[in-house]
> 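The structure under discussion is supplied below as structure tokens; questions concerning it will follow.
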Amino acid sequence: MAAVDPATEASALALPGLGRALVTAGKLGQKSAEEIFRKATTNRTSFIAELTGSGAVSAADLAHTMSSAFGAPLLDLEAIDVQRLPRGLLDVKICQSYRVVVLSKRNNRLIVATADPSDQQAAEKIKFATQMGVDWVIAEYDKLTKMVEAHATTTSEAMDSIIGEDFEFDESSMEAANVEEDQGAVSDVEDAPVVKFLHKMLLDAIGARASDLHFEPYEHTYRVRFRIDGELREIASPPVAIKDKLASRIKVISRMDISEKRVPQDGRMKLKVGPDKVIDFRVSTLPTLFGEKIVIRILDPSSARLGIDALGYEPEEKARLMAAIGRPYGMILVTGPTGSGKTVSLYTCLNLLNKPGVNISTAEDPSEIGMPGVNQVNVNEKAGLTFAAALKSFLRQDPDVIMVGEIRDLETADIAIKAAQTGHMVMSTLHTNDAPTTLTRMRNMGIAPFNIASSVILITAQRLARRLCPQCKAPMDIPYETLLDAGFKEEDVDGSWTPYHPVGCGACNNGYKGRVGIYQVMPISEDMQRIILADGSALEIAAQARKEGVRSLRESGLHKVRLGLTSLEEVLACTNES
């Protein structure tokens, strides 16, 4: 017997199973097979793609040879309607990577079309992904490729594309509710692609530093938007068919009633994003014409523990705030529109006061940031637990510091003021445009001028402006007159500083990255108290504040422009002319 050349033997063994089968069947010469294999390796393509592309073996001849060699049935895919193929049995990424299509499921086995039944890696991948056995059916490679791409664009697979094969999902990382569901509801909320999609959206939102996620159904479309740095951005457009299953999934893990779709609901859920980090989410549903719109607010407790320096107070503003926090009693008010960071500011102050010797109680609707050492109460008006009722109870609990989520009515305001006058530090929020108008708003609520003057010690009005990306911001030539019209003083426009504008790069969001606080910190001085007692207007209080060196919100924002932290257009957009 002639000796086999070791190099030839090694080369033959290196061929993939498909190549060896073709050589054995006499359809391809050894040298031709090796040459095609080397090209595939060099071009980083599959052997079968290089084989059929070179024309060495036709797709039809290859299919017949593989059917005979492996004893597998041969199928003409042109007889198959792609719309009738089963959905969701196998990830689209696996189908595209290995050029396979699931034809049907029989008991615990999948009937899968392939052009290369020798591909053991594909078989093992499918078994691992589905936990089912694989029975091959042979199809022509060119027809199979077309069907894989057509199948990938169908409804269920389009959502799998959004999810992505490389996404690792851990069901145990999400807190689920202990509720009894009927069998149909359970199958809805446990639909694997929907579960993975929701989990991915939450993780993506956290990674993008978003504050909110919006899931919005329309008649023919469904979109997901993130609020990043104060702006809504469309992130995904999953199939509209998933809206009910996605809503059910969110409602179950947020401890809502999944059978109730006619009225708004509120809930909470948690997501473990690391060994020691858990993120809370506040969930709100709203019935719309075409389904339930769901908004998820991301509540990151670490944001309140960053420290007061991270909030963006200027040195003199920080000194005024720290002086007020250090007083034993009185009322501190934080004002601004929804989403201006009032809660984070209040909890930053509470964190400074949170010591073993201090008894702190909060009443919120609902509590957004968990803080160990603070007694937090969620207001429940249906059960009779209003802000006023919680405040009355707090005063019987020997408190040192009381935080009220919002002063909404005269009763709550009266109790808060009495607490501030009787030796307690009280913190709360109001929705007003700036600090001076807060005092007149309280007067309009029916609070006596004497009570306002004797209890309120400091008011902080705030806004959040988008922070310029430090990597791509560029100098901007702004006309002298434009700067003066914006509110700069003549002595400020002296050429010693440069305004910047957003450009945009891969590290930011259209030229902005993060946000910076703009503050008007107004201590209540004796002169202001006299104006309040005389029932003075907001204009008189604002004039006195300016005399005492308190910047308006616009002036504070323009100072941030001088520092290069934000753009002039951003400040003009988020502050009023004062």
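Remember, it's a predicted structure, so these values are computed and weren't measured experimentally. Numbering starts at 1 and runs along the sequence shown.
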> Pairing donors with acceptors under 3.5 angstrom, does anything connect the side chains of Asp116 and Ser118?
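Side chains of Asp116 and Ser118: pair found under 3.5 Å.
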
> Is the backbone of Ala122 close enough, under 3.5 Å, to the side chain of Lys127 for a donor and an acceptor to pair up by distance?
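Not at all, since once roles are kept as given, no pair shorter than 3.5 Å links the two residues.
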
> State plainly whether the residues Lys31 and Glu34 are in salt-bridge range, i.e. N to O under 4.0 Å.
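Looking at Lys31 and Glu34, the cut-off is not met.
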
> Checking side chain to side chain contact (heavy atoms under 4.5 Å, CB included) for the pair Met132/Arg109: CA distance, chi angles, key distance, verdict?
CA-CA 5 Å; Met132 287 185 276; Arg109 299 188 69 80; 5.8 Å; no

> Can a cation-pi geometry be assigned to Lys243 and Tyr222, taking NZ or CZ under 6.0 Å from the six-membered ring centre and within 45° of the ring axis?
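No cation-pi geometry.
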
> Looking at Lys342 and Gly336, would you say the former's side chain and the latter's main chain have a donor-acceptor pair under 3.5 Å?
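Side chain of Lys342 to backbone of Gly336: a pair is present.
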
> Decide whether Thr288 and Tyr218 meet the rule of one side-chain donor and one side-chain acceptor closer than 3.5 Å.
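Their side chains do not contain a donor-acceptor pair, so the 3.5 Å distance test is not met.
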
> Within a 6.0 Å radius of atom CZ on Arg106, are there more than 12 heavy atoms belonging to other residues, nucleotides or ligands?
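Check fails, neighbour count at 12 or below.
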
> Between the main-chain N or O of Ile478 and the side-chain N or O of Thr482, is there a donor-acceptor pair closer than 3.5 Å?
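A pair under 3.5 Å: no.
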
> State, yes or no, whether a side-chain contact exists between Val252 and Ile258 at a heavy-atom distance under 4.5 Å.
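Side chain of Val252 against side chain of Ile258, heavy atoms only: contact under 4.5 Å found.
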
> Do the side chains of Thr285 and Lys251 get nearer than 4.5 Å, heavy atoms only?
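Side chain of Lys251 against side chain of Thr285, heavy atoms only: contact under 4.5 Å found.
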
> If you define the side chain from C-beta out and look only at heavy atoms, does anything of Phe215 sit under 4.5 Å from Ile250?
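Of all side-chain heavy-atom pairs linking Ile250 with Phe215, at least one is under 4.5 Å.
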
> Taking atom NE2 as the centre, does His64 end up with more than 12 heavy-atom neighbours from other residues, nucleotides or ligands that are less than 6.0 angstrom away?
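Open: at most 12 neighbouring heavy atoms sit under 6.0 Å from NE2 of His64.
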
> Below 4.0 angstrom, N of the basic side chain to O of the carboxylate: do Arg223 and Glu216 qualify?
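Judged by the 4.0 Å cut-off on N to carboxylate O distance, Arg223 and Glu216 do form a salt bridge.
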
> Between the main-chain N or O of Arg467 and the side-chain N or O of Lys560, is there a donor-acceptor pair closer than 3.5 Å?
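No, Lys560 side chain to Arg467 backbone: no donor-acceptor pair under 3.5 Å.
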
> Can you tell me if Gln462 uses its side chain to pair, donor with acceptor, with the backbone of Ser340 under 3.5 Å?
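Checking the backbone N and O of Ser340 against the side chain of Gln462, a donor-acceptor pair under 3.5 Å is found.
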
> Given 3.5 Å as the limit, does a donor-acceptor pair link the side chain of Glu570 with the main chain of Arg466, or not?
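Present.
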
> Would you please name every residue forming a side-chain contact (heavy atoms from CB on, under 4.5 Å) with Ser32, sequence neighbours left out?
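With sequence neighbours excluded, Ser32 shows a side-chain contact (heavy atoms from CB on, under 4.5 Å) to Leu28, given in chain and number order.
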
> Any side-chain heavy-atom pair from Phe281 and Ile206 closer than 4.5 angstrom?
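Answer yes - side chains close enough.
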
> Using modelled atom types only, decide if a donor and an acceptor are shared between the side chain of Glu140 and the backbone of Asp76 within a distance under 3.5 Å.
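Not a single qualifying donor-acceptor pair exists.
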
> Are any of the side-chain heavy atoms of Val100 and Asp119 separated by less than 4.5 Å?
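When only atoms from C-beta onward are counted, Asp119 and Val100 do not touch, as no gap falls below 4.5 Å.
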
> Is any NZ, NE, NH1 or NH2 atom of the basic residue among Glu260 and Arg262 found under 4.0 Å from an Asp or Glu carboxylate oxygen of the other?
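Here Glu260 pairs with Arg262 in a salt bridge, since their nearest N and O are under 4.0 Å apart.
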
> So, does Asp229 use its side chain to make a donor-acceptor pair with the main chain of Gly514 at under 3.5 Å?
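Yes.
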
> Would you check if Val283 and Met269 make a side-chain contact, meaning some heavy-atom pair closer than 4.5 Å?
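In short, these two side chains touch, coming nearer than 4.5 Å.
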
> Does the Ser67 side chain pair with the main chain of Ala72, one donor and one acceptor, at a distance under 3.5 Å?
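Indeed, once roles are kept as given, a pair shorter than 3.5 Å links the two residues.
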
> How far does NE2 of His199 sit from CG of Asp204, to the nearest 0.5 angstrom?
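One gets 11.0 Å once the value is rounded to the nearest 0.5 Å.
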
> Any chance the side chains of Gln120 and Glu124 put a donor and an acceptor closer than 3.5 Å?
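Result is no, nothing qualifies.
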
> Do the charged groups of Glu78 and Lys143 touch, with an N to O distance under 4.0 Å?
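Yes, charged N to carboxylate O under 4.0 Å.
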
> Heavy-atom distance under 4.5 Å between the side chains of Arg282 and Ser254, does that happen here?
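A side-chain contact is absent here, since even the closest heavy-atom pair is not under 4.5 Å.
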
> Would you say Leu213 and Ile235 make side-chain contact, with heavy atoms under 4.5 Å?
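In short, these two side chains do not touch, never coming nearer than 4.5 Å.
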
> Within the side chain of Asn378, is there an N or O that forms a donor-acceptor pair under 3.5 Å with the backbone of Ser367?
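Checked: pair present.
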
